[in-house]
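Residue numbers start from 1 in every chain, and the chains themselves are labelled A, B, ... in the order their sequence lines are given, proteins ahead of strands.
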2 protein chains.
Amino acid sequence: MRLNTKSRYAVMALADMASFNPNKPISLRDISLRQSISLQYLEQIFLKLKKYNIVRSVRGSNGGYVLSKNSNNIKLSEIFSALNENVKTIGCDKNSKKGCNGRSTKCITHDLWDELDLHINAFFENKNLEDLIRN
Amino acid sequence: MRLNTKSRYAVMALADMASFNPNKPISLRDISLRQSISLQYLEQIFLKLKKYNIVRSVRGSNGGYVLSKNSNNIKLSEIFSALNENVKTIGCDKNSKKGCNGRSTKCITHDLWDELDLHINAFFENKNLEDLIRN
DNA sequence: GGATACTTGACTAATTTAGTCGGGTATATA
DNA sequence: TATATACCCGACTAAATTAGTCAAGTATCC
(Lines give C-alpha, C1' and ligand atoms only; values in the text may rest on other atoms or scores of the structure.)
Protein backbone atom coordinates (compact mmCIF):
# COMPACT_ATOMS: atom_id res chain seq x y z
CA MET A 1 0.00 0.00 0.00
CA ARG A 2 1.39 3.32 -0.96
CA LEU A 3 0.20 6.83 -1.66
CA ASN A 4 0.93 8.16 -5.10
CA THR A 5 3.23 11.09 -5.65
CA LYS A 6 0.49 13.42 -6.80
CA SER A 7 -1.17 13.36 -3.41
CA ARG A 8 2.08 13.65 -1.57
CA TYR A 9 3.27 16.51 -3.72
CA ALA A 10 -0.07 18.26 -3.33
CA VAL A 11 0.26 18.18 0.43
CA MET A 12 3.88 19.29 0.27
CA ALA A 13 3.11 22.15 -2.08
CA LEU A 14 0.17 23.39 -0.05
CA ALA A 15 2.12 23.14 3.17
CA ASP A 16 4.81 25.17 1.48
CA MET A 17 2.28 27.83 0.53
CA ALA A 18 0.77 27.86 3.98
CA SER A 19 4.03 28.94 5.50
CA PHE A 20 4.11 32.22 3.59
CA ASN A 21 2.06 35.38 3.50
CA PRO A 22 -1.41 34.11 2.63
CA ASN A 23 -2.37 37.15 0.57
CA LYS A 24 0.47 37.21 -1.90
CA PRO A 25 0.18 34.87 -4.89
CA ILE A 26 2.86 32.22 -4.94
CA SER A 27 4.12 31.00 -8.28
CA LEU A 28 4.46 27.34 -9.04
CA ARG A 29 7.97 28.11 -10.15
CA ASP A 30 8.91 29.05 -6.61
CA ILE A 31 7.26 25.98 -5.13
CA SER A 32 8.95 23.86 -7.76
CA LEU A 33 12.37 25.18 -6.75
CA ARG A 34 11.82 24.96 -3.02
CA GLN A 35 10.26 21.51 -3.00
CA SER A 36 12.11 19.95 -5.93
CA ILE A 37 8.96 19.08 -7.82
CA SER A 38 8.77 19.45 -11.58
CA LEU A 39 6.94 22.60 -12.61
CA GLN A 40 4.78 20.84 -15.14
CA TYR A 41 3.82 18.18 -12.71
CA LEU A 42 2.81 20.86 -10.24
CA GLU A 43 0.63 22.39 -12.91
CA GLN A 44 -1.35 19.20 -13.25
CA ILE A 45 -1.77 19.01 -9.52
CA PHE A 46 -2.85 22.61 -9.07
CA LEU A 47 -5.37 22.32 -11.83
CA LYS A 48 -7.17 19.79 -9.70
CA LEU A 49 -6.73 21.75 -6.50
CA LYS A 50 -8.24 24.72 -8.24
CA LYS A 51 -11.22 22.81 -9.58
CA TYR A 52 -11.85 21.67 -6.06
CA ASN A 53 -11.62 25.24 -4.77
CA ILE A 54 -8.69 24.69 -2.48
CA VAL A 55 -6.67 27.36 -4.24
CA ARG A 56 -7.50 30.15 -6.61
CA SER A 57 -5.25 31.39 -9.36
CA VAL A 58 -3.99 34.84 -10.30
CA ARG A 59 -2.87 34.98 -13.89
CA GLY A 60 -0.25 37.16 -15.45
CA SER A 61 3.11 38.25 -14.23
CA ASN A 62 3.49 38.35 -10.47
CA GLY A 63 0.62 35.93 -10.45
CA GLY A 64 0.47 32.54 -8.87
CA TYR A 65 -1.83 30.69 -6.53
CA VAL A 66 -3.45 31.68 -3.26
CA LEU A 67 -5.03 29.41 -0.68
CA SER A 68 -8.75 29.99 -0.87
CA LYS A 69 -9.22 29.47 2.87
CA ASN A 70 -7.23 29.77 6.06
CA SER A 71 -4.76 26.97 6.34
CA ASN A 72 -6.34 25.79 9.58
CA ASN A 73 -9.51 25.32 7.64
CA ILE A 74 -8.12 23.12 4.88
CA LYS A 75 -8.41 19.50 5.87
CA LEU A 76 -6.12 16.95 4.32
CA SER A 77 -9.17 14.93 3.38
CA GLU A 78 -10.16 17.71 1.00
CA ILE A 79 -6.80 17.57 -0.68
CA PHE A 80 -7.08 13.86 -1.27
CA SER A 81 -10.58 14.26 -2.59
CA ALA A 82 -9.39 16.88 -5.02
CA LEU A 83 -6.95 14.40 -6.47
CA ASN A 84 -9.50 11.58 -6.62
CA GLU A 85 -7.39 9.71 -4.17
CA ASN A 86 -10.05 9.11 -1.64
CA VAL A 87 -8.89 5.91 -0.09
CA LYS A 88 -10.39 2.92 -1.81
CA THR A 89 -8.33 0.09 -0.55
CA ILE A 90 -9.70 -2.67 -2.74
CA GLY A 91 -11.45 -3.80 -5.85
CA CYS A 92 -14.82 -4.94 -4.46
CA ASP A 93 -17.69 -2.93 -5.75
CA LYS A 94 -18.65 -1.40 -2.45
CA ASN A 95 -21.91 0.05 -3.57
CA SER A 96 -23.59 -3.11 -4.70
CA LYS A 97 -24.61 -4.64 -1.42
CA LYS A 98 -24.38 -8.10 -2.86
CA GLY A 99 -21.76 -9.29 -5.28
CA CYS A 100 -18.11 -8.29 -5.07
CA ASN A 101 -16.41 -10.42 -7.63
CA GLY A 102 -19.45 -11.02 -9.74
CA ARG A 103 -20.62 -13.57 -7.24
CA SER A 104 -23.88 -13.58 -5.46
CA THR A 105 -22.63 -12.73 -1.99
CA LYS A 106 -20.34 -10.20 -0.43
CA CYS A 107 -16.81 -11.45 -0.27
CA ILE A 108 -15.72 -12.73 3.09
CA THR A 109 -13.57 -9.72 3.88
CA HIS A 110 -15.81 -7.06 2.43
CA ASP A 111 -16.71 -5.31 5.67
CA LEU A 112 -13.10 -5.26 6.75
CA TRP A 113 -12.05 -3.02 3.88
CA ASP A 114 -14.98 -0.74 4.48
CA GLU A 115 -13.86 -0.32 8.05
CA LEU A 116 -10.28 0.31 7.00
CA ASP A 117 -11.34 3.02 4.59
CA LEU A 118 -13.25 4.75 7.34
CA HIS A 119 -10.27 4.49 9.63
CA ILE A 120 -7.88 6.08 7.17
CA ASN A 121 -10.23 8.78 6.03
CA ALA A 122 -10.85 9.72 9.64
CA PHE A 123 -7.15 10.36 9.99
CA PHE A 124 -7.13 12.80 7.10
CA GLU A 125 -10.35 14.36 8.27
CA ASN A 126 -8.72 15.35 11.53
CA LYS A 127 -5.62 16.99 10.11
CA ASN A 128 -5.35 20.37 8.48
CA LEU A 129 -2.58 22.26 6.79
CA GLU A 130 -1.90 24.37 9.84
CA ASP A 131 -1.14 21.21 11.83
CA LEU A 132 1.59 20.38 9.36
CA ILE A 133 3.53 23.59 9.55
CA ARG A 134 3.42 23.96 13.33
CA ASN A 135 6.85 22.39 13.73
CA MET B 1 -3.94 4.24 -2.23
CA ARG B 2 -4.86 0.67 -2.67
CA LEU B 3 -3.95 -2.70 -1.24
CA ASN B 4 -2.57 -5.22 -3.68
CA THR B 5 -4.40 -8.41 -4.44
CA LYS B 6 -1.85 -10.62 -2.77
CA SER B 7 -2.61 -9.16 0.63
CA ARG B 8 -6.33 -9.18 0.06
CA TYR B 9 -6.32 -12.75 -1.17
CA ALA B 10 -4.15 -13.80 1.76
CA VAL B 11 -6.70 -12.45 4.18
CA MET B 12 -9.58 -13.98 2.25
CA ALA B 13 -7.91 -17.36 2.08
CA LEU B 14 -7.03 -17.41 5.75
CA ALA B 15 -10.48 -16.28 6.74
CA ASP B 16 -11.80 -19.11 4.61
CA MET B 17 -9.59 -21.59 6.43
CA ALA B 18 -10.52 -20.20 9.81
CA SER B 19 -14.15 -21.04 9.27
CA PHE B 20 -13.46 -24.77 9.02
CA ASN B 21 -12.20 -27.46 11.36
CA PRO B 22 -8.81 -26.16 12.42
CA ASN B 23 -7.19 -29.57 12.64
CA LYS B 24 -7.92 -30.88 9.18
CA PRO B 25 -5.55 -29.76 6.42
CA ILE B 26 -7.26 -27.67 3.77
CA SER B 27 -6.01 -27.90 0.21
CA LEU B 28 -5.35 -24.82 -1.83
CA ARG B 29 -7.53 -26.38 -4.50
CA ASP B 30 -10.55 -26.09 -2.23
CA ILE B 31 -9.78 -22.53 -1.27
CA SER B 32 -9.21 -21.72 -4.91
CA LEU B 33 -12.65 -23.00 -5.83
CA ARG B 34 -14.50 -21.39 -2.95
CA GLN B 35 -12.86 -17.99 -3.19
CA SER B 36 -12.30 -17.84 -6.95
CA ILE B 37 -8.58 -17.30 -6.69
CA SER B 38 -6.16 -18.95 -9.09
CA LEU B 39 -4.52 -22.01 -7.57
CA GLN B 40 -1.05 -21.02 -8.65
CA TYR B 41 -1.44 -17.56 -7.31
CA LEU B 42 -2.49 -19.02 -3.98
CA GLU B 43 0.63 -21.13 -4.00
CA GLN B 44 2.78 -18.02 -4.16
CA ILE B 45 0.87 -16.48 -1.33
CA PHE B 46 0.97 -19.50 0.93
CA LEU B 47 4.67 -19.91 0.41
CA LYS B 48 5.10 -16.57 2.14
CA LEU B 49 2.55 -17.32 4.82
CA LYS B 50 4.41 -20.51 5.58
CA LYS B 51 7.80 -18.83 5.78
CA TYR B 52 6.28 -16.45 8.24
CA ASN B 53 4.86 -19.31 10.28
CA ILE B 54 1.24 -18.35 9.91
CA VAL B 55 0.38 -21.72 8.38
CA ARG B 56 2.12 -25.04 8.21
CA SER B 57 1.89 -27.49 5.33
CA VAL B 58 0.99 -31.16 5.17
CA ARG B 59 2.26 -32.76 2.01
CA GLY B 60 0.89 -35.69 0.11
CA SER B 61 -2.64 -36.68 -0.65
CA ASN B 62 -5.24 -35.39 1.76
CA GLY B 63 -2.68 -32.80 2.63
CA GLY B 64 -3.06 -29.08 2.57
CA TYR B 65 -2.44 -26.24 4.96
CA VAL B 66 -3.29 -25.76 8.62
CA LEU B 67 -3.33 -22.55 10.62
CA SER B 68 -0.40 -22.69 12.97
CA LYS B 69 -2.24 -20.82 15.71
CA ASN B 70 -5.78 -20.23 16.86
CA SER B 71 -7.53 -17.85 14.56
CA ASN B 72 -8.13 -15.42 17.41
CA ASN B 73 -4.41 -15.28 17.79
CA ILE B 74 -3.53 -14.39 14.21
CA LYS B 75 -3.45 -10.66 13.83
CA LEU B 76 -3.95 -9.11 10.42
CA SER B 77 -0.73 -7.20 10.92
CA GLU B 78 1.14 -10.50 10.82
CA ILE B 79 -0.44 -11.37 7.51
CA PHE B 80 0.59 -8.11 5.97
CA SER B 81 4.09 -8.49 7.30
CA ALA B 82 4.32 -11.93 5.78
CA LEU B 83 3.61 -10.44 2.38
CA ASN B 84 6.04 -7.56 2.85
CA GLU B 85 3.13 -5.24 2.63
CA ASN B 86 3.76 -3.44 5.83
CA VAL B 87 2.32 -0.07 5.17
CA LYS B 88 4.93 2.33 3.84
CA THR B 89 2.90 5.11 2.49
CA ILE B 90 5.65 7.07 0.84
CA GLY B 91 9.06 7.27 -0.71
CA CYS B 92 10.98 9.24 1.92
CA ASP B 93 13.72 7.28 3.51
CA LYS B 94 12.27 7.14 6.97
CA ASN B 95 15.34 5.79 8.65
CA SER B 96 17.73 8.53 7.76
CA LYS B 97 16.78 11.26 10.13
CA LYS B 98 17.91 13.91 7.74
CA GLY B 99 17.45 13.83 4.02
CA CYS B 100 14.30 12.56 2.34
CA ASN B 101 14.82 13.45 -1.26
CA GLY B 102 18.57 13.65 -1.14
CA ARG B 103 18.24 17.03 0.46
CA SER B 104 19.71 18.05 3.72
CA THR B 105 16.51 18.33 5.73
CA LYS B 106 13.44 16.23 6.33
CA CYS B 107 10.74 16.99 3.83
CA ILE B 108 7.99 19.21 5.10
CA THR B 109 5.46 16.41 5.39
CA HIS B 110 7.77 13.72 6.67
CA ASP B 111 6.26 13.36 10.11
CA LEU B 112 2.77 13.21 8.69
CA TRP B 113 3.44 10.00 6.80
CA ASP B 114 5.07 8.48 9.82
CA GLU B 115 1.96 9.17 11.80
CA LEU B 116 -0.27 7.78 9.09
CA ASP B 117 1.70 4.56 8.99
CA LEU B 118 1.27 4.17 12.72
CA HIS B 119 -2.42 4.83 12.41
CA ILE B 120 -2.97 2.18 9.74
CA ASN B 121 -0.77 -0.42 11.33
CA ALA B 122 -2.63 0.04 14.59
CA PHE B 123 -5.81 -0.90 12.79
CA PHE B 124 -4.35 -4.18 11.58
CA GLU B 125 -2.75 -4.81 14.93
CA ASN B 126 -6.15 -4.79 16.58
CA LYS B 127 -7.90 -7.18 14.23
CA ASN B 128 -7.53 -10.91 14.12
CA LEU B 129 -8.90 -13.62 11.87
CA GLU B 130 -11.57 -14.57 14.36
CA ASP B 131 -12.96 -11.04 14.18
CA LEU B 132 -13.48 -11.49 10.48
CA ILE B 133 -15.54 -14.64 10.56
CA ARG B 134 -17.81 -13.61 13.41
CA ASN B 135 -20.49 -12.43 11.02
C1' DG C 1 2.80 -46.85 -8.44
C1' DG C 2 -0.25 -43.38 -8.99
C1' DA C 3 -2.77 -39.59 -7.32
C1' DT C 4 -2.75 -35.71 -4.61
C1' DA C 5 -0.89 -31.64 -3.09
C1' DC C 6 2.85 -28.79 -1.78
C1' DT C 7 7.42 -26.26 -3.75
C1' DT C 8 9.87 -23.17 -6.53
C1' DG C 9 11.73 -20.21 -10.11
C1' DA C 10 11.05 -17.89 -14.30
C1' DC C 11 8.39 -15.48 -17.27
C1' DT C 12 4.74 -12.15 -19.20
C1' DA C 13 0.70 -9.13 -20.38
C1' DA C 14 -1.71 -5.46 -18.75
C1' DT C 15 -2.12 -1.58 -16.00
C1' DT C 16 -0.69 2.27 -13.42
C1' DT C 17 2.47 5.79 -12.22
C1' DA C 18 5.10 9.51 -12.68
C1' DG C 19 6.16 12.16 -15.14
C1' DT C 20 7.49 15.12 -20.01
C1' DC C 21 6.27 17.81 -24.21
C1' DG C 22 4.37 21.35 -26.61
C1' DG C 23 1.36 24.46 -27.47
C1' DG C 24 -1.71 27.56 -25.84
C1' DT C 25 -4.13 32.10 -22.96
C1' DA C 26 -4.37 35.94 -19.52
C1' DT C 27 -2.34 39.77 -17.17
C1' DA C 28 1.05 43.09 -15.13
C1' DT C 29 4.38 46.20 -15.91
C1' DA C 30 7.66 48.87 -18.41
C1' DT D 1 1.71 48.06 -26.92
C1' DA D 2 5.47 44.73 -26.28
C1' DT D 3 7.19 41.44 -23.51
C1' DA D 4 7.84 38.56 -19.82
C1' DT D 5 5.63 36.00 -16.47
C1' DA D 6 2.73 32.53 -15.09
C1' DC D 7 -1.38 29.90 -15.44
C1' DC D 8 -3.94 26.38 -18.63
C1' DC D 9 -4.53 21.96 -20.87
C1' DG D 10 -4.37 17.79 -23.71
C1' DA D 11 -1.53 14.23 -25.42
C1' DC D 12 2.07 11.31 -25.00
C1' DT D 13 5.63 7.96 -22.93
C1' DA D 14 9.12 5.28 -20.22
C1' DA D 15 9.48 2.75 -16.29
C1' DA D 16 7.73 0.21 -12.65
C1' DT D 17 4.38 -2.65 -10.59
C1' DT D 18 0.77 -5.96 -10.48
C1' DA D 19 -1.46 -9.88 -11.16
C1' DG D 20 -1.04 -13.37 -12.64
C1' DT D 21 0.61 -17.99 -15.83
C1' DC D 22 3.86 -21.75 -17.01
C1' DA D 23 6.67 -25.48 -16.21
C1' DA D 24 9.02 -28.59 -13.69
C1' DG D 25 9.73 -30.44 -9.83
C1' DT D 26 9.36 -33.17 -4.59
C1' DA D 27 6.96 -35.43 -0.67
C1' DT D 28 3.45 -38.36 1.05
C1' DC D 29 -0.68 -41.16 1.30
C1' DC D 30 -3.32 -45.08 -0.19
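Within residues 16-23 of chain A, no residue is approached by DNA chain D to less than 4.0 Å at the level of any non-hydrogen atom. Applying a 4.0 Å cut-off to non-hydrogen atoms, the residues of residues 48-62 of chain B that approach DNA chain D are B/Arg59, B/Gly60, B/Ser61, B/Asn62, listed by residue number.
A donor-acceptor contact under 3.5 Å is formed by the side chain of A/Glu43 with the base of D/dC8. Donor-acceptor pairing under 3.5 Å, judged by distance alone, is present between the side chain of A/Gln40 and the base of C/dG22.
Put simply, A/Tyr9 has no side-chain N or O that comes within less than 4.0 Å of OP1 or OP2 on C/dA18. Residue A/Tyr65 places at least one side-chain N or O closer than 4.0 Å to OP1 or OP2 of D/dC8. Listed pair A/Ser38 / C/dT20 meets the phosphate criterion, a side-chain N or O lying under 4.0 Å from OP1 or OP2.
Nearest-nucleotide assignment on DNA chain C puts the 5′-proximal partner with B/Gly63, out of B/Gln44 and B/Gly63.
Remark: the A/Tyr41 side chain and the A/Ser32 side chain contain no N/O donor-acceptor pair separated by less than 3.5 Å.
In this structure, B/Tyr41 places its OH atom 19 Å from C1' of C/dC6, rounding to the nearest Å. The interatomic distance linking A/Asn4 (CG) with D/dA16 (C1') rounds to 14 Å, in whole Å. Counting to the nearest Å, the C1' atom of D/dT18 and the CZ atom of B/Arg8 are 11 Å from each other. To the nearest angstrom, P of C/dC6 lies 11 Å from CZ of B/Arg29. As rounded to whole Å, 10 Å separates atom P of D/dA6 from atom CG of A/Leu39. The separation between A/Leu47 atom CG and D/dA6 atom P is 18 Å, rounded to whole Å. Per the geometry, CG belonging to A/Asp30 stands 14 Å off C1' belonging to D/dC7, to the nearest Å. A/Ile45 places its CD1 atom 16 Å from the P atom of D/dC9, with the value rounded to the nearest Å.
How far OH of B/Tyr9 is from CG of B/Leu42: 9.0 Å, rounded to the nearest 0.5 Å. Put simply, CG on A/Leu83 and NZ on A/Lys6 are 8.0 Å apart, with the number rounded to the nearest 0.5 Å. To the nearest 0.5 Å, the span separating CG on A/Asn128 from CG on A/Leu14 amounts to 12.0 Å. For the atom pair NZ of A/Lys48 and OH of A/Tyr52, the computed distance is 12.0 Å after rounding to the nearest 0.5 Å.
A donor-acceptor pair under 3.5 Å is formed between the side chain of A/Ser68 and the backbone N or O of A/Ile54. Using modelled atom types, one side-chain atom of B/Asn121 and one backbone atom of B/Asp117 make a donor-acceptor pair closer than 3.5 Å. With hydrogens and angles ignored, the 3.5 Å screen pairs no side-chain donor or acceptor of A/Glu115 with any backbone N or O of A/Leu112.
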Run the salt bridge (charged side-chain N to carboxylate O under 4.0 Å, His left out) test on B/Glu43 and B/Arg29 for me, step by step, so that the C-alpha distance in whole Å, both residues' side-chain angles and the decisive distance to 0.1 Å come before the verdict.
CA-CA 10 Å; B/Glu43 285 174 348; B/Arg29 203 179 104 85; over 6 Å; no
Just do the side chain to side chain contact (heavy atoms under 4.5 Å, CB included) check on A/Met17 and A/Tyr65 with the steps written out, would you?
CA-CA 9 Å; A/Met17 287 179 71; A/Tyr65 285 96; 3.9 Å; yes
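Here A/Ile26 lies in heavy-atom contact (under 4.0 Å) with sugar-phosphate atoms only.
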